[in-house]
Amino acid sequence: MTTPADGGPITVLIVDDDPMVRAGLTMILGGAGDIKVVGEAADGSEVPPLVAEHRPRVVLMDIRMPGVDGLTATEALRRTSAPPEVVVLTTFHADAQVLRALRAGASGFLLKDIAPADLVAAIRKVAAGEPILSPAVTRQLISHVSDGGADERTARARKLLARLSERELEVARAVGQGKSNAEIGRELYMSVPTVKAHVSRILTKLDLNNRVQVALLVYDAGS
C-alpha cells in the first residue's frame, strides 16, 4: 500500500471515552504501514489542542462522551481553517446525532464493530478525499431519523442549489447518487479533471465541506 502523495503516513487522532476502544483502534491501525496514530483523546474538549499540535489528517470521533460530545467537537473542528477529515464512531445505524454530525461536515460514520480490514480501508478512503457513506445508507439514515425542520431544510436546500449552473446541478445530483468522479464523467461526457473542478466550485458556491454534505443537500431538496 502506498503512502499519501506527500510521502508521509496517514495521521489519525482517536477520540473515545472508552480506553479499551482507543487501545483496540490503535492496535488495528498500528498494523497498517501507511497509517500512524498520533494521539488519543477521551473527551471532545481535548480535541482542539491535540489537532493543533499533531495536525492529523483524520479524526476518529466517538459521538457520545460524558463531557464535550463528538457532535460539538466535530462542529468546532469544521469551523477551523484546514480542518481534518472527521469520521464518526457510533454503535447505532440510524441516529440523530450521527445525522447532525454529517450535516456539520463529517465525512461519514463507522460502526464500532467494524471489521479491522474495513476500518483500515475506510481511513485510507477518507484520507484520499472520498466519503465513506453510500447513498443507500444516507437515505436510510435520514428516513429513520426525525430531527425536525424538514420543510425549512427543503426550502433552504432548494435556495442553495439555485446558485448552481445547470451543469453544476447535474454534477451535484450525480454526487447525491453516490457516483464517483469517473462515473460522473462517463455519464455527463466530461473528463475527470473537469468533474473535479465542478465539484470544487459546487463546494465553494454552497459553502460546504465535502461530498456527503452535497448529497444531503440534494436529498433535502428532493432533487
Side-chain angles (χ1 to χ4, degrees), residues 10-29 35 37-114 118-119 122-123 125-127 131-134 137-150 152-153 156 207-217 219-220:
I10 301 167
T11 50
V12 178
L13 173 67
I14 297 172
V15 186
D16 196 292
D17 65 314
D18 187 334
M20 292 297 291
V21 171
R22 296 199 306 274
L25 292 171
T26 298
M27 182 179 66
I28 292 168
L29 296 179
I35 300 175
V37 176
V38 294
E40 297 181 17
D43 184 85
S45 64
E46 302 171 21
V47 172
L50 286 172
V51 167
E53 178 182 357
H54 297 293
R55 294 294 177 187
R57 294 182 62 184
V58 179
V59 176
L60 283 178
M61 184 81 75
D62 184 15
I63 201 71
R64 286 180 171 81
M65 292 177 284
V68 176
D69 63 31
L71 173 61
T72 302
T74 297
E75 290 173 338
L77 277 182
R78 298 309 307 186
R79 289 194 295 267
T80 63
S81 60
E85 300 293 343
V86 176
V87 178
V88 170
L89 289 170
T90 181
T91 55
F92 298 89
H93 287 270
D95 180 83
Q97 284 189 301
V98 172
L99 184 55
R100 285 179 61 194
L102 295 174
R103 293 191 189 282
S107 296
F109 75 91
L110 299 173
L111 297 178
K112 288 188 177 182
D113 61 358
I114 186 173
D118 292 338
L119 172 64
I123 294 296
K125 189 174 181 181
V126 77
I132 52 172
L133 193 66
S134 72
V137 172
T138 302
R139 287 192 294 271
Q140 180 186 41
L141 185 63
I142 293 174
S143 65
H144 281 79
V145 175
S146 176
D147 59 348
E152 182 179 338
R153 284 199 310 275
R156 174 182 174 275
D207 193 25
L208 299 177
N209 296 304
N210 56 43
R211 296 166 79 106
V212 172
Q213 286 184 313
V214 174
L216 288 169
L217 195 71
Y219 187 94
D220 285 342

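A 4.5 Å side-chain heavy-atom check between Leu60 and Leu29 finds at least one atom pair inside the cut-off. Counting only heavy atoms from C-beta outward, the side chains of Leu13 and Pro84 never approach each other to under 4.5 Å. Within the 4.5 Å cutoff, no side-chain heavy atoms of Thr90 are placed close to those of Gln97. You'll find the side chain of Arg156 reaches within 4.5 Å of the side chain of Leu217, heavy atoms only. Contact annotation: the side chain of Val21 never approaches that of Ile14 to less than 4.5 Å [non-hydrogen atoms, C-beta and beyond]. A 4.5 Å side-chain heavy-atom check between Leu25 and Leu89 finds at least one atom pair inside the cut-off.
For the atom pair Arg57 CZ and Ile35 CD1, the distance stands at 10.0 Å (nearest 0.5 Å). The CD1 atom of Ile123 sits 6.5 Å away from the CD1 atom of Ile132 when rounded to the nearest 0.5 Å. In this structure, Met65 CE and Leu71 CG are separated by 10.0 Å, a value rounded to the nearest 0.5 Å.
In summary, Asp69 and Arg100 do not engage in a salt bridge, as defined by a charged side-chain N under 4.0 Å from a carboxylate O.
Partner of Asp16 under the side-chain hydrogen bond (donor to acceptor under 3.5 Å, both in side chains) criterion, out of Lys112, Arg22, Arg64: Lys112 alone. Considering His54, Arg55, Glu53 in turn, His54 is the only one that fulfils the side chain to side chain contact (heavy atoms under 4.5 Å, CB included) rule with Val38.
Heavy-atom minimum distance, Pro56 versus Thr11: CA-OG1, 3.4 Å. Between Pro66 and Asp43, the shortest heavy-atom contact is C-OD1, 4.4 Å. Considering every non-hydrogen atom in both Val88 and Ala101, the closest pair reads CG2-CB, 3.6 Å. Between Ala122 and Leu110, the closest heavy-atom pair is CB-CD2, 3.9 Å. Considering every non-hydrogen atom in both Ile114 and Leu119, the closest pair reads CD1-N, 3.6 Å. Of all the heavy atoms in Asp18 and Met20, the pair that sits closest is OD1-N, 2.8 Å.
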message = Could you walk me through whether Thr80 and Val51 satisfy the side-chain contact (heavy atoms from CB on, under 4.5 Å) test, starting with their C-alpha distance in whole Å, then the side-chain angles of each, then the deciding distance to 0.1 Å, before giving a yes or no?
response = CA-CA 11 Å; Thr80 63; Val51 167; over 6 Å; no
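With sequence neighbours left out, the side-chain hydrogen bond (donor to acceptor under 3.5 Å, both in side chains) criterion links Thr74 to no other residue.
Looking only at distances, no side-chain donor or acceptor of Arg153 sits under 3.5 Å from a matching main-chain atom of Asp220. The main-chain N or O of Gly105 is found under 3.5 Å from a side-chain atom of Asn210 such that the two form a donor-acceptor pair. With Ser107 contributing its side chain and Val87 its backbone, the two residues share no donor-acceptor pair below 3.5 Å.
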